[in-house]
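Atoms within each ligand, like the ligands themselves, are counted from 1 in listed order.
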Amino acid sequence: MSKHIDIINKYESVVRSYVRNFPTVFTKAKKHKMWDESGKEYLDFFSGAGALNYGHNDDKMKQKLVDYIMEDGITHSLDMASIAKADFIEKFQEVILKPRELDYKMMFPGPTGTNTVESALKLARKVTGRTDIISFTGGFHGMTIGSLSVTGNSMKRQGAGIPLQNTVTMAYDNYVDHDTLVYLERFLEDNGSGVAIPAAMIVETVQGEGGINAARFEWLKKIEEICRRWGILLIIDDVQAGVGRTGTFFSFEAAGIKPDIVCLSKSLSGYGVPLAVTLIKPELDIWKPGEHNGTFRGNNHAFVTATAALDYWEDESFEQSIHEKSEIIYASLQKIVSDYPELKGEVRGRGFMVGIASEVEGLASKVAEKCFAKGLIMETAGPNDEVFKLFPPLTIPKEDLEKGLAIIEESVRDSVKDPVTN
Ligand SMILES: *Cc1c(COP(=O)(O)O)cnc(C)c1O
């Protein structure tokens, strides 16, 4: 073990997690590759859990950021006006919102995913005067108290140390064999159900941490209809599924819905620097000035790279390339599932947000472990880590995508041969 890992193991809290699955010290990263201290090269099929959809250290974003720093551009300014912020807002409106006929005000909460979720929950309660939020089985929304209260995972919920209140969990799409929305709506219409009309529902269109569960478009449309019918606000948490991961900038575009509030973070800055935005329908923008405040709201360095990242979305070629490559991924995963029945696998997800769920306990983790040894970084997801989750950068060239898929296939082959006994 290297000296650097020793220092981390000795002094960093035991709460550390990813370093346990990927026990090496990374020194350099470019696009879809990372290198460690020993010079070993890795293909990155993890992408910072979806924070690096454009890969590591994109040249154009880096140049813009370096120029901005060298000119002593404003780094920290609370939410005073800066050119970096105005440029980002303008370009986001022009390149993302207007072509999609979406009209949102942009609120900058603290720079993380959980910060945008907290602001969305708070605003929904303020606008409606109601207290409850409906969330869904398998949902993950962040680690602060409000976000945990709408998160499913029991280990994470218990970490709160207090009762998590004012939320009701309903069944996500395909959670049970029958139509989960018939059941949900019955609760809303029945005065004897024990469930009050909530302020909002918070939904991921594809659940990332929850195990790559993709809701059907019809299900999402129906959720929107139910929300409209009952005057409930619809919050889409697009922190992980957004910014191209499912094939379109927003994950909900293909479903044809228009959420009241949208949460974005992870890949929003494009460069892996922290940035979050809460998009809110103009009529909901009823905050008092400073009512939701914070020291690091809006981050000028992130605005600079985020503005450069939007270049990818100026025409349709990027979406087209995501689509083409995602077909390759999907076909390869289908083949793995049918070639290795011992895996008892099921392909899940949409676009570049896919994985294989294995019914064999411990097998998904084993596959990820073997991949790491062979130079591919991939994580697992789901309540029992039963899914191995492919998250390569959207910009990965076809050849290296195929190389990575071959490593995954080999790792599956080795894992099913060598049953989980250790
Ligand atoms: C990662 C994630 C969050 C939390 O983001 P942090 O930056 O880790 O606070 C919230 N929602 C979803 C869907 C996520 O994937």
Taking the basic N atoms (NZ, or NE/NH1/NH2) and the acidic carboxylate oxygens, is any pair closer than 4.0 Å for [X] and [Y]?
X	Y	result
K281	E283	no
E224	R228	yes
E346	R348	yes
E225	K221	no
R125	D132	no

Is it the case that ligand 1 has an N or O less than 3.5 angstrom from some N or O of [X]?
X	answer
E204	no
G113	yes
S265	no
E209	no

Protein heavy-atom partner closest to atom 2 (C) of ligand 1 - residue, atom, separation in Å: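 Minimum-distance protein heavy atom for atom 2 (C) of ligand 1 reads K266 NZ, 2.6 Å.
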W219/F136 aromatic ring centres below 6.0 Å: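 Yes, the ring centres sit under 6.0 Å apart.
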F45/H32 aromatic ring centres below 6.0 Å: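 When the ring centroids of F45 and H32 are compared, they turn out to be at least 6.0 Å apart.
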Protein heavy atom under 4.0 Å of atom 8 (O) of ligand 1: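 Protein heavy atoms within 4.0 Å of atom 8 (O) of ligand 1 - there are none.
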Distance under 4.0 Å to a non-hydrogen atom of [X]: what atoms of ligand 1 satisfy this?
X	value
T114	4 (C), 5 (O), 6 (P), 9 (O)
T112	7 (O), 9 (O)
F140	1 (C), 2 (C), 3 (C), 11 (N), 12 (C), 13 (C), 14 (C)
H141	10 (C), 11 (N)
D237	10 (C), 11 (N), 12 (C), 13 (C)

Side chain, backbone, both or neither: V239 near ligand 1, heavy atoms under 4.0 Å: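 The answer is the side chain of V239.
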Side-chain H-bond candidate by donor/acceptor type, E37 with T27, under 3.5 Å: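 Their side chains do not contain a donor-acceptor pair, so the 3.5 Å distance test is not met.
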